[in-house]
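Bear in mind the structure is a predicted one, so any value in this text is a computation, not a measurement. One is the number of the first residue; the rest follow in order along the sequence.
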Amino acid sequence: MDIQGQCDDRFSAVADEFERNLRERGERGASFCATVGGETVVDLWGGEGWERDTTTVVMSSTKGATALAAHLLVSAGELDLDAPVATYWPEFAANGKEGVLVRHLLSHQAGLPALREPLPAGGFFDWGLVTSRLAAEAPFWEPGTRHGYHALTFGFLVGEVVRRVTGRSLGTFVAEEIAEPLGLDLQIGVADVAGIAPLVPPDMTTLTPDQVPPFYVQAMTDPTSIPALVLGNTGGYMDPGAWNEPDALRAEIPAAGGVANARALAGMYRAIVHDRKVGRYALTSGDVVRMASIQSAGSSDAVLGSPGRWTLGFFRAAATPRGVTPAAVVALSDDAFGHTGNGGSYGFADPGCDASFAYVMSQMSMAMGLSPTGQALADAFYSSLGYERAEHLWVRP
């Protein structure tokens with residue numbers, strides 16, 4: 001397991017855990033990157049087929065880039081979070097959705113986590129088909145009254161608003177306004193699919209029943225449930241490994257189909273939390289506060305059935321005084337915001353220590369939130385910064 005890259009001596013514990021992930025914990029190939037005060041302190045990669053610029057599908061870690069696109073438009077005064085979605089996308093007002101606000105899309109409160117009518121094979125690759133179906137769909141609950149993770153529809157919903165405002169697809173906007181100016185290996189809709197490491201599904205035959213999260217159990221046992229529609233009505237996109245196929249990589253699926261490495265995700269969050277500038281968009285401290293501020297929290301997500309906290313497009317995982325804690329181990333500082341991806345990838349910013357950090361890997365885990373390998377790296381990173389662990393929270397002593 002050849003490990004390459006750089007690691008500041010202060011963060012040698014991160015390098016040790018990265019090596020253990022590859023040698024002892026079943027990781028195939030991965031990259032981890034972290035910045036502090038704008039400086040890269042860790043940039044490691046290694047494992048089967050992993051080179052410096054290797055990328056793979058990062059699943060829902062893609063949502064961080066999609067959310068950032070919307071926030072850049074808000075910061076420029078081109079998008080109003082409190083405007084009805086139909087202001088920008090008139091067709092969306094159908095079926096009682098005229099009162100759904102832009103902020104409801106970003107905070108998973110729109111009530112549109114799935115589509116009821118079956119999609120044809122390859123349906124997720126047809127932007128117009130999916131967005132027209134979402135515009136016509138009736139909400140699964142009264143919008144704005146609760147949150148439910150929009151695992152795959154989030155990208156189409158937010159992406160269509162971005163398209164209506166800018167005249168550019170979400171993937172094009174991210175390329176031109178985020179990835180290219182910052183020099184990031186980050187794509188939503190890939191032109192050249194060669195050289196992308198496959199994202200490998202977990203081996204379900206090795207799992208015991210208690211290792212399968214309730215969300216997946218419900219999806220597999222109740223075909224009428226929201227989880228079953230979320231995973232099953234995608235035109236085949238969520239079939240194991242289908243996300244690696246050329247048609248899937250070329251399609252713009254801004255909730256799950258992004259392709260990146262850890263350096264790209266950490267660089268994107270560094271631009272938010274330290275540089276306060278993303279391409280031609282300058283960010284204020286107020287913009288960062290808006291991204292990090294909790295919009296919805298509760299003990300039972302309407303889709304996942306587990307506790308969680310959401311900002312406008314980002315994930316907040318730490319414990320709170322109200323006892324809202326993640327269902328799985330997701331221990332970060334209470335300042336951190338970002339996004340995890342199905343299988344274990346993640347990218348986060350932490351304004352409290354002026355840091356960003358990200359993990360991207362080949363072998364998927366069944367863990368909800370951070371995988372054991374990803375959590376081990378986050379733990380080592382915070383410990384190296386002098387933080388102390390308090391259950392689901394890393395705190396300064």
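Judged purely by atom type and a 3.5 angstrom limit, S132 uses its side chain to pair as donor or acceptor with the backbone of G128. Distance alone, capped at 3.5 Å, is enough to place a donor-acceptor pair between the R316 side chain and the D334 backbone. Between the T153 side chain and the L112 main chain, a donor and an acceptor come within less than 3.5 Å of each other. With hydrogens and angles ignored, the 3.5 Å screen pairs a side-chain donor or acceptor of T234 with a backbone N or O of M238. A side-chain donor-acceptor contact under 3.5 Å links H71 to the backbone of L312. Remark: side-chain polar atoms of K97 are paired, donor with acceptor, to backbone N or O of E137 under 3.5 angstrom. Remark: the backbone N or O of A264 is not paired with any side-chain donor or acceptor of Y269 at under 3.5 angstrom.
Between D301 and R146 there is no salt bridge, since no side-chain nitrogen of the basic residue lies less than 4.0 Å from a carboxylate oxygen of the acidic one. A salt bridge links D8 and R10; the closest N-O separation between the charged side-chain nitrogens and carboxylate oxygens is under 4.0 Å. Checked for salt-bridge contact, R276 and D287 miss the test: no charged N lies under 4.0 Å from a carboxylate O. A salt bridge does not link R396 to E388: none of the charged side-chain nitrogens sits closer than 4.0 Å to a carboxylate oxygen. Between E17 and R25 there is a salt bridge, with a side-chain nitrogen of the basic residue lying less than 4.0 Å from a carboxylate oxygen of the acidic one.
Defined by atom type and a distance below 3.5 Å, a donor-acceptor pair is missing between the side-chain atoms of T40 and T35. D53 and W45 share no donor-acceptor pair across their side chains, judged by distance under 3.5 Å alone. Defined by atom type and a distance below 3.5 Å, a donor-acceptor pair is missing between the side-chain atoms of D80 and Y88. Checking T66 against K63 by side-chain atom types alone, no donor-acceptor pair falls below 3.5 Å.
Taking the six-membered ring where tryptophan is involved, the planes of H150 and H108 are perpendicular, since the angle between them exceeds 60° and thus also 30°. Using a 30° and 60° split on the angle between ring planes, F357 and F381 fall in the tilted class, from 30° to 60°. Using cut-offs of 30° and 60° for the angle between ring planes, the Y359 and F32 rings count as tilted.
Side chains of L81 and L101 form no contact here, defined as non-hydrogen atoms less than 4.5 Å apart. No side-chain heavy atom of W50 sits less than 4.5 Å from a side-chain heavy atom of M361. Looking at Y237 and F125, their side chains come closer than 4.5 Å, going by heavy atoms from C-beta outward. In this structure the side chain of F140 reaches within 4.5 angstrom of the side chain of L229, judged on heavy atoms. In this structure the side chain of F154 reaches within 4.5 angstrom of the side chain of L106, judged on heavy atoms. Residues F348 and S356 are not in side-chain contact: their nearest non-hydrogen atoms beyond the backbone lie 4.5 Å or more apart. Side-chain contact between V190 and I196 is present, with heavy atoms from C-beta onward closer than 4.5 Å. By the 4.5 Å heavy-atom criterion applied to side chains, V158 and L170 are not counted as neighbours.
Note that R133 lies outside the cation-pi zone of F156, set by a 6.0 Å cut-off to the ring centre and a 45° limit from the axis.
In E91, the CD atom is crowded: over 12 heavy atoms of neighbouring residues, nucleotides or ligands sit closer than 6.0 Å. Counted within 6.0 Å of CD on E176, heavy atoms from surrounding residues, nucleotides or ligands total more than 12; the atom is thus considered enclosed.
The nearest pair of heavy atoms linking E252 to G189 is CG-CA, 4.1 Å. Residues I188 and P254 approach most closely at CG2-CA, 3.9 Å, considering heavy atoms. For the residue pair A175 and P181, the shortest heavy atom distance occurs at O-CD, 4.0 Å.
For W310 and H339, the distance between ring centers is under 6.0 angstrom.
Evaluation of the salt bridge (charged side-chain N to carboxylate O under 4.0 Å, His left out) rule for D82 yields R103 as partners, not counting sequence neighbours.
Within the model, atoms CG of D335 and CG of D354 stand 11.5 Å from one another, a figure rounded to the nearest 0.5 Å. Note: Q363 CD to E27 CD = 7.0 Å, rounded to the nearest 0.5 Å. A distance of 10.5 Å separates CG of L152 from CG of N233, quoted to the nearest 0.5 Å. With rounding to the nearest 0.5 Å, the separation of OH in Y346 from OG1 in T340 is 11.0 Å. Distance check, rounded to the nearest 0.5 Å: CG of L186 to CD of E180 gives 10.5 Å.
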message: I'd like to know whether D350 forms a side-chain hydrogen bond (donor to acceptor under 3.5 Å, both in side chains) with S333, so could you lay out the CA-CA distance, the side-chain angles of the two residues, the decisive distance to 0.1 Å, and finally the verdict.
response: CA-CA 8 Å; D350 193 325; S333 94; 2.6 Å; yes

